[in-house]
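Read through the structure below, which is laid out as structure tokens, and then see the notes.
No hydrogens, no waters, no symmetry mates; every other heavy atom, side chains included, goes into these values. Convention: sequence-line order gives letters A, B, ...; per-chain numbering from 1.
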Amino acid sequence: MEYNFREIEKKWHQRWVDQQTYKTVEDENKKKFYVLNMFPYPSGAGLHVGHPLGYIASDIYARFKRLQGYNVLNPMGYDSYGLPAEQYAIQTGQHPAITTVNNINRYREQLEKIGFCFDWSREIRTCDPEYYHWTQWAFQKMFNSFYCNSCQKAQPIEKLVKHFETEGTDGLDVAQSEELRFTADEWNSWDEKKKNEVLMNYRIAYLGETMVNWCPKLGTVLANDEVVDGVSERGGYPVVQKKMQQWCLRISAYAQRLLDGLETVQWTDSIKEVQRNWIGRSEGTEVQFKVKDSDTEFTIFTTRADTMFGVTFMVLAPESEYVAKVTTAAQKADVDAYLDATKKRTERERIADRKVSGVFSGSYAINPMTGDEIPIWISDYVLAGYGTGAIMAVPAHDSRDYAFAKHFNLPIIPLIEGCDVSEESYDAKEGIVTNSPREGVKPYVNFSLNGLTVKEAIAATKKFVKENNLGRVKVNYRLRDAIFSRQRYWGEPFPVYYKNGMPCMIPEECLPLELPEVDKFLPTETGEPPLGNATKWAWDEANKQVVENSKIDGKTVFPIELNTMPGFAGSSAYYLRYMDPRNNERIVSEKNENYWQNVDLYVGGTEHATGHLIYSRFWNKFLFDYGYSVKEEPFQKLVNQGMIQGRSNFVYRIKDTNTFISLDMIKNMDDVTPIHVDVNIVSNDILDVEAFKNWRPEYNNAEFQLNADGKYICGWAIEKMSKSMFNVVNPDMIVEKFGADTLRLYEMFLGPVEQSKPWDTNGIDGCHRFIKKLWGLFYSRDDQFLPEDGEPSKDELKAVHKLIKKVTGDIENFSYNTSISAFMICVNELQQIKVRHKAALKDIVVLIAPFAPFLAEELWEALGNTTSVCDAKWPEFNEDYLKEDSVTLSISFNGKTRFTMQFPAGSSNEAIQEAALADPQAQKYLEGFNVVKVIVVPNKIVNIVLKPKA
RNA sequence: GCGCGUGUGGUGAAAUUGGUAGACACGCCAGACUUAGGAUCUGGUGCCGCGAGGCUUGUAGGUUCGAGUCCUAUCACGCGCACCA
């Protein structure tokens, strides 16, 4: 019987659907295992062959765990809200709701073909009201929370209000936008509106006037991780800095926990390092500087407190609120001009053109260590968003300050013994401190750092600053609060309405607040959200419902927020929802949450390291604080699959002709123009000439210079897989031609899962041949069913158990490529054995089941089983079958094998060594030498170290 | 500039973690069968050399009886962060 994959795959796919083979039900009697793939944006282009790589890898693992007896949750869904989905809709001129459904259907169809064990009954879509109900719910929960630093968790905002009512800000240790001070009396005297404004300073989801990344072309603000090199990640459009009122998430409050949590998860060091960098913890000191002849004081942050004696000027960020306070009348014109110029520059220009610029404010600060009057400058090399937006400049020991000082001719005072700062600054944090204070200068304070190491000096200064009330020790994080508003249509609406300009939450029982239909959903360059076009978008407070805008009266009917949430909102807690996707009462029931706990294995690309993987960790920690999640970290083990690149093919047209020349006939590359050619009409780099003529009209009467074999050889290159390079390989096509099992095997056989590699359809024959060989162990060409009843032979058992050992170990390490090699070897070995037994082949079928599930089902049935192979038991490895009767020992001198010896199995190293030295043949070689050492590695080699006799 | 990672045949890659480098597969070569076909099967295939033999894991050193694996230096490539004070 021929291996007919089309029939086999069709048959089993249908049976899986009919019998709900992959439906997962919570079962307290079984240990759980939660496998998760990063769910896809359903983009318009459909899947190419690179997309399923991670899904196949996790599918193999999920099936393996199931065979080991675990209750496996392996769900799939769609991240269908957000920029990419909307951009695609805009580009194709369709409504995003329509394109999204179409794209999802196409994805589903493609995924179904590959034979994944997804439990589709748990499918979720982030744009589904049933789903985003819980996104909105979490947002409201964050709005109604503050972060308590001393107890290290989120708490209900009422608790904070109570504190204000009785004690004001006294004894408060909470995360906040800016440090406020007020008494209980003051708080109690404020009206509702004022109180609410103050509370915004503490809420975890808050409305903030912040500097944002504004992308005019996309018509929306972007989060930091959505901006790459000063342009938008999606589309590559320019981004400018703009001050706007936006919803923000106080993710910075969780910075330390996000850092600490990394120690508890099994992720690669590199991705942990990326997150550590992104969080950017830095321990330092905040110091207050007084402005001369003024009451103004401002605070700076430094990690080099030891260099305070070398501060020769101060620098404020252009956006700093102190700029106005320190600018003198004489300097005002210059300062305004500078501020104007900086504002006009885009982020990209700032990065591209990093020349020194700045302006003197006219004021001076007093150095608290020396009493020196030092000029205050304004420059855009100081960032408003980090620390306090102001620095003390120590040009001798900071390269940026140095460049600035050189440019504006400001003094440079070296503070480390023996350092040379004539050409460049000395930035290293090592050496012995000097000039602190300088010799011969009357000390301003009773404090000296001279003679200490840098490390000691930092500690000493921290202590001094604290004791003298000059400042305090402070830990800063680079991690910014996440900007949570988008001026776009295709996203979760905020469940918020505005009453007297004050945001109010739509009652929880009224959620979800559904996205309204609008005619015009296109974004605008000015930032007017498209939801402004909705006619029914007002909140009737009394009747608790959405009504027409025309009814807004400001007394009982109010406008609803027009912004929508960003793409990462919906993807931040989806793994929780899979545990209980149809629950209308709670994001996930306690029972299910306690059963599934968190994701055991998460598979996805590295590109989410600073986006999704930070946001969802934050989101989960927040829910954890309230007991909605039982594990602090959502993803226990993370595997990052590599990217599949495309392998493009080229044809070479002789310049100014319509003649194409085979690569091996080209004498001079300058005479030809390489042109991308569709890889689907090229096989093993040989062009299908006829197909090429039909490919495009302009090649209909193309002429060819073929090589001696009459072939046209194409050139090739590794490039990104994309339509424009004609190198996209579609999985449907592979499935059609070779079957899903072959596709699955080949994708894994290509190389390690974590590694990026080019796709090359050429090698797929080997995997297809292997499947056919395996099939050949069961069926002869003349339709005989070959496996026999009875006891397997020793050789069979040996081959099979070698495989069990190898595959079991490999799957745990994700070394699927070597597993498949082992299968190939095993099948070859079994082919040599004339009579094969069902009992031995049964184990092989179970072993191959995770890799080639359709084939496994068919063979499992052929062996007489009536249940799915998915419910089989993973075979157990038995060492005994691998034991040899004897071990062969090769004995070598100087790396050369001289003779071999046989020993009984299980001989000890000592026994082997003794016997080897006693061997008469060996002794022939030993004449004239002293034996220094004998190294015995059983089953491998014996090395005898010799020294000539004196 | 700082941080992380990777270098093995014509190609994708293995190597029991310090023990016969190149498993397995593609490609290539030779052969068999065949209504010459993008089918199947058999054998060969790291490099140099007719040969015996020699060389070989980016390069140069080191540790070791023994190094692809450990250490030092160096080069190349890839990724991440980048005025973060």
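- For the C1' atoms, the distance from U56(B) to G46(B) is 8 Å, rounded to whole Å.
- Rounded to a whole Å, the CD atom of E283(A) is 12 Å from the P atom of A85(B).
- Proximity of Y386(A) to the phosphate of A85(B): a side-chain N or O atom is located under 4.0 Å from OP1 or OP2.
- P752(A) comes within 4.0 angstrom of the backbone, heavy atoms only, and of no base.
- The side chain to side chain donor-acceptor pair (under 3.5 Å) check on S815(A) picks up nothing, with sequence neighbours excluded.
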field: CA sep, side-chain torsions, deciding dist, call: F770(A), F749(A), ring pair (Phe, Tyr, Trp, His ring centres under 6.0 Å)
entry: CA-CA 12 Å; F770(A) 155 72; F749(A) 187 67; 9.1 Å; no

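- The two residues T302(A) and I300(A) come nearest to each other via the heavy atoms CG2-CD1, 4.0 Å.
- Across the protein-nucleic acid pair, K773(A) atom NZ and U42(B) atom P stand 7 Å apart, rounded to whole Å.
- Every residue meeting the side chain to side chain donor-acceptor pair (under 3.5 Å) condition with D401(A), not counting sequence neighbours, appears here in chain and number order: Y381(A).
- Atom CG in N817(A) sits about 5 Å away from atom P in A14(B), given to the nearest Å.
- With sequence neighbours excluded, no residue forms a salt bridge (Lys or Arg N to Asp or Glu O under 4.0 Å) with E719(A).
- For RNA chain B, each stem of at least three Watson-Crick or G-U pairs (distances under 3.5 Å) is given as range with range: B:1-7 with B:75-81, B:10-12 with B:24-26, B:27-32 with B:40-45, B:46-48 with B:53-55, B:58-62 with B:70-74.
- The ring pair (Phe, Tyr, Trp, His ring centres under 6.0 Å) test applied to F298(A) returns Y322(A), not counting sequence neighbours.
- Atom C1' of G80(B) sits at a distance of 24 Å from the matching atom of U74(B), rounded to the whole Å.
- The stretch residues 604-611 of chain A has no heavy atom under 4.0 Å from RNA chain B, so no residue of it qualifies as close.
- Using a 4.0 Å heavy-atom distance criterion, I391(A) is classed as a base contact.
- The distance from atom CG of N277(A) to atom P of C4(B) is 10 Å, rounded to the nearest whole Å.
- Looking at residues two or more places apart in sequence or on another chain, you find a side chain to side chain donor-acceptor pair (under 3.5 Å) between E283(A) and R281(A).
- In this structure, CG of L383(A) is placed 10 Å from P of A85(B), rounded to the nearest angstrom.
- Partners of N828(A) according to the side chain to side chain donor-acceptor pair (under 3.5 Å) rule, which considers only residues two or more places apart in sequence or in another chain, are K773(A).
- By the salt bridge (Lys or Arg N to Asp or Glu O under 4.0 Å) test, E233(A) pairs with no residue at all, sequence neighbours left out.
- For G68(B), the O4'-C1' to base torsion is more than 90° from 0; the nucleotide is therefore anti.
- Atom CZ in F770(A) sits roughly 16 Å away from atom C1' in C26(B) (whole-Å rounding).
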Close N or O pairs between protein and nucleotides 32-39 of chain B (under 3.5 Å):
{"residue": "G38(B)", "atom": "N2", "partner": "K737(A)", "partner atom": "NZ", "Å": "2.7"}

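- Residues satisfying the side-chain contact (heavy atoms from CB on, under 4.5 Å) test with P368(A), not counting sequence neighbours, are V287(A), F289(A), M308(A), L470(A).
- With sequence neighbours excluded, no residue forms a salt bridge (Lys or Arg N to Asp or Glu O under 4.0 Å) with R478(A).
- Atoms CD1 (I376(A)) and P (A85(B)) sit 22 Å apart, rounded to a whole Å.
- Distance CD1 (I644(A)) to C1' (A13(B)): 14 Å, rounded to an integer number of Å.
- Looking at D810(A), its side chain does come within 3.5 Å of a backbone N or O of S819(A) through a donor-acceptor pair.
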